[in-house]
Amino acid sequence: MLKHAILYPFFLVAGCIALLIGIFGGSFVWFFVVLLLAVGMTAWGAFDIRLGYFTDTFFRKKYNAQGVIALSFDDGPSPYTAEVLQLLNAYQFKATFFCIGRQVLAYPDMAKQIIDEGHTIGNHTYSHRRNFGFLKEKEVVAELEQCNAIIQQTVGKKPKFFRPPFGITNPSVAKAVQYTKHQIIGWSNRSLDAVTLEENKIYQRVFRKLKSGDIILFHDTSQRTVNVLKRLLPHLQKQGYISVSVDDLLNLQRYED
Ligand SMILES: [Zn+2]
């Protein structure tokens with residue numbers, strides 16, 4: 001696996017050599033090639049949570065997961081969470097909800113219902129800031145701790161799972177989770193339900209790529225997603241799939257003791 005800790009020194013040394021070649025050889029082509037590779041790799045690592053480029057991430061179960069998947073829902077709770085829970089119950093599926101602290105404050109009863117019905121809650125920061133990728137370590141820690149405190153006050157559980165907003169990881173996020181001891185959970189199947197307007201396209205995207213062991217990313221924030229689930233869940237059941245929470249899929253501890 002490609003890792004920032006290994007590649008960063010490599011890029012640094014290669015960059016210095018290429019710079020010297022430029023100074024003494026007269027051509028800076030190699031310097032710009034190394035620079036481009038370093039910037040490209042960093043951007044790819046920041047936006048693709050599956051790479052685990054800056055810190056370890058879980059995003060699917062690779063082996064021994066026949067017929068098992070993990071549905072996950074970000075950015076709630078919201079008024080749509082009730083119907084999502086109703087659908088999950090109807091099929092006896094379990095899911096993981098990565099909740100925003102501010103949303104838990106706005107819809108505390110929904111958060112309690114998620115727990116009461118046997119699903120798992122994870123941390124998705126206090127305010128889901130648009131500039132999350134540019135926050136300093138201290139600010140990421142504050143977002144994580146504030147969200148955990150609200151969830152603990154509301155449902156009596158302190159999540160160990162964290163899904164970064166927009167799936168962004170970088171050195172600040174890596175250091176922050178090392179400090180707060182959160183486990184980063186990504187996804188292997190992205191519905192793009194927050195940006196795709198056509199329900200059929202969302203459904204097809206999820207189903208086309210579906211594999212046992214997948215962690216599937218949805219958002220419990222729109223009627224669109226509820227409608228997709230109404231079609232997807234019976235189909236999953238017919239195909240012999242069950243959905244479990246991420247902790248059950250990966251055999252991880254979901255809350256602090
Ligand atoms: Zn989000």
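Just so you know, ligand 1 is whichever comes first in the structure, and atom 1 is the first atom listed for that ligand.
Panel note: side chain T96, backbone V246; a donor-acceptor pair is recorded below 3.5 Å.
The side chain to side chain donor-acceptor pair (under 3.5 Å) test with R163 singles out one residue from D75, N123, D74, T125, and that residue is D74.
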*asked:* One pair to check against side chain to side chain contact (heavy atoms under 4.5 Å, CB included): N148 and F162. What are the steps and the verdict?
replied: CA-CA 10 Å; N148 255 31; F162 168 52; over 6 Å; no
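For H128 and F166, the gap between ring centers is short of 6.0 Å. Checked against the 6.0 Å centroid criterion, the rings of F73 and H219 do not qualify as a close aromatic pair. When ring centroids are compared, H235 and F207 come within the 6.0 Å threshold.
Protein contacts to the Zn ion (ligand 1) involving N, O or S atoms at a distance below 2.8 Å are D75 OD1, H124 NE2, H128 NE2.
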